[in-house]
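Structure, as structure tokens:
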Amino acid sequence: MNKNEFISIKFDLVNGLIQWYTRKYHIKLSELRDYAYDSNEVDKLIMEKGDYVIYEVYEIERPVVEGEMIFGVTRIFPGVIGQEYNFTRGHYHVNKMAGEIYVGIKGCGLMLLQDLQGNFFTEVLERGSLIYIPGKYAHRVVNTCDEDLVFLFAYPAIAGHDYELIKKCGFKKVVLNIEGKPTIIDNPKYNKCKQS
Ligand SMILES: O=P(O)(O)OC[C@H]1O[C@H](O)[C@H](O)[C@@H](O)[C@@H]1O
Ligand SMILES: [Fe+2]
């Protein structure tokens, strides 16, 4: 497929599989160590089970110029890291004018959103959800169900990903499995970060 032409591909809306992409990457457990609620649980799990894949991303890359869009599909496998449900790292966009669209295809979970002023909220992301994220919000997705959570995303190619602040302080809240139920609790790491 010529990168400068239009793109038209098949997309399996039941399983969330795209027929064609230019980049596939995955994030393993060890890469979430700094982002996890309890990094000791990451180490423990790696010792027990090895370093396995938490989520994978199938992306259609486009030139990083104004007007272009990057889009694709993310698949988060089910599971917990200690008590914390599997999640994506989460990031701010470098370009705060660049929003993003998510469409839930399969499974269920929560999207965590927060801005630099400390506003925080969650949205359900499941099959049929359509979420628009304004550019100033950091976003993370958490898989709270027993199956793959699959969603489509699209964002301006010039958005840029900023992981540093999330790596350092995390999101204001984390989603834990407490007695089998997704429970949203305060993240102590975030609170400490704010004070220092
Ligand atoms: O980049 P992460 O926060 O690890 O999330 C993984 C991916 O999730 C979504 O699909 C986003 O739209 C992508 O931009 C992102 O890269
Ligand atoms: Fe994004």
Side-chain angles (χ1 to χ4, degrees), residues 9 11 15-18 20-37 39 42 51-64 68-79 81 84-116 120-127 129-144 148-175 187 190:
I9 55 176
F11 180 31
N15 300 303
L17 301 171
I18 43 175
W20 183 86
Y21 47 84
T22 63
R23 177 183 180 221
K24 177 189 174 188
Y25 67 93
H26 55 240
I27 297 294
K28 288 187 176 174
L29 184 55
S30 60
E31 294 166 90
L32 292 183
R33 194 178 186 283
D34 293 341
Y35 298 88
Y37 170 62
S39 43
V42 173
D51 194 10
Y52 56 89
V53 174
I54 302 288
Y55 60 97
E56 52 190 27
V57 181
Y58 297 81
E59 199 173 76
I60 289 140
E61 299 160 294
R62 298 292 304 160
V64 180
E68 285 285 355
M69 294 181 73
I70 294 173
F71 57 102
V73 170
T74 300
R75 176 177 296 266
I76 311 176
F77 297 109
I81 303 166
E84 189 174 23
Y85 290 102
N86 286 355
F87 60 91
T88 61
R89 291 168 294 180
H91 54 265
Y92 283 95
H93 288 170
V94 177
N95 183 342
K96 297 284 184 288
M97 298 299 285
E100 183 158 353
I101 284 172
Y102 278 64
V103 180
I105 305 295
K106 190 180 190 333
C108 47
L110 288 174
M111 178 180 280
L112 312 187
L113 299 143
Q114 77 185 21
D115 66 12
L116 292 167
F120 174 90
F121 51 100
T122 61
E123 286 296 327
V124 170
L125 178 61
E126 59 190 9
R127 181 170 174 77
S129 302
L130 168 59
I131 303 177
Y132 171 69
I133 309 159
K136 65 174 185 165
Y137 290 101
H139 38 288
R140 162 178 288 174
V141 178
V142 183
N143 183 351
T144 57
D148 294 0
L149 172 57
V150 186
F151 53 90
L152 181 89
F153 61 86
Y155 59 89
I158 55 164
H161 292 68
D162 181 355
Y163 295 98
E164 286 318 304
L165 204 53
I166 300 299
K167 204 188 228 178
K168 188 167 159 246
C169 303
F171 279 73
K172 205 166 181 176
K173 295 186 188 269
V174 290
V175 188
N187 180 10
Y190 178 88

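Just so you know, ligand 1 is whichever comes first in the structure, and atom 1 is the first atom listed for that ligand.
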Residue list, salt bridge (Lys or Arg N to Asp or Glu O under 4.0 Å) with D162, at least two apart or on another chain: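 Applying salt bridge (Lys or Arg N to Asp or Glu O under 4.0 Å) to D162 gives none.
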May I ask you to check whether H91 and H139 show a side-chain donor-acceptor distance below 3.5 Å? yes
May I ask you to check whether R89 and Y35 show a side-chain donor-acceptor distance below 3.5 Å?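 Per modelled atom types, R89 and Y35 side chains form no pair under 3.5 Å.
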Assess whether side-chain contact (heavy atoms from CB on, under 4.5 Å) is satisfied between I133 and L113, documenting all intermediate values. CA-CA 8 Å; I133 309 159; L113 299 143; 3.6 Å; yes
Before you tell me yes or no, could you show the steps for L29 and I81 under side-chain contact (heavy atoms from CB on, under 4.5 Å), namely the whole-Å CA-CA distance, both residues' side-chain angles and the distance that decides it to 0.1 Å? CA-CA 8 Å; L29 184 55; I81 303 166; 3.8 Å; yes
Only heavy atoms of F151, strictly under 4.0 Å: list the atoms of ligand 1 that pass.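 Checking each atom against F151, I get 9 (C), 10 (O).
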Close-contact set for ligand 1 against T88 heavy atoms, below 4.0 Å: 5 (O)
Between the side chain of R127 and the main-chain N/O of I105, is any donor-acceptor distance below 3.5 Å? yes
Got a donor-acceptor contact below 3.5 angstrom from the N86 side chain to the F77 backbone? yes
So, is F153 polar-close to ligand 1, with some N/O to N/O distance under 3.5 Å? no
Looking at ligand 1, does any of its N/O atoms fall within less than 3.5 Å of an N/O of Y55? yes
List the closest protein heavy-atom neighbour of [atom]: residue, atom name, distance to the nearest 0.1 Å.
{"atom": "atom 14 (O) of ligand 1", "value": "H161 NE2, 2.9 Å"}
{"atom": "atom 8 (O) of ligand 1", "value": "T74 OG1, 3.5 Å"}
{"atom": "atom 9 (C) of ligand 1", "value": "Y102 OH, 3.3 Å"}
{"atom": "atom 1 (O) of ligand 1", "value": "Y163 OH, 2.5 Å"}
{"atom": "atom 15 (C) of ligand 1", "value": "H91 CE1, 3.8 Å"}

E100, portion touching ligand 1 at heavy-atom distance under 4.0 Å: side chain
Going by the 4.0 angstrom heavy-atom rule, the piece of Y25 near ligand 1 is side chain
Ring of F171, cation from R140 - is the NZ or CZ under 6.0 Å from the centre and inside 45° of the axis?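 Pair R140/F171 does not count as cation-pi.
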Can you classify the ring geometry of F153 versus Y102 as parallel (below 30°), tilted (30 to 60°) or perpendicular (above 60°)?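 The rings of F153 and Y102 sit tilted, inter-plane angle from 30° to 60°.
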What protein N/O/S atoms are there under 2.8 Å from the Fe ion (ligand 2), waters excluded? H91 NE2, H93 NE2, E100 OE1, H139 NE2
Run Y190 and Q114 through side-chain contact (heavy atoms from CB on, under 4.5 Å) and show every step you take. CA-CA 12 Å; Y190 178 88; Q114 77 185 21; 3.8 Å; yes
Centroid-centroid under 6.0 Å between Y137 and F121 rings: yes
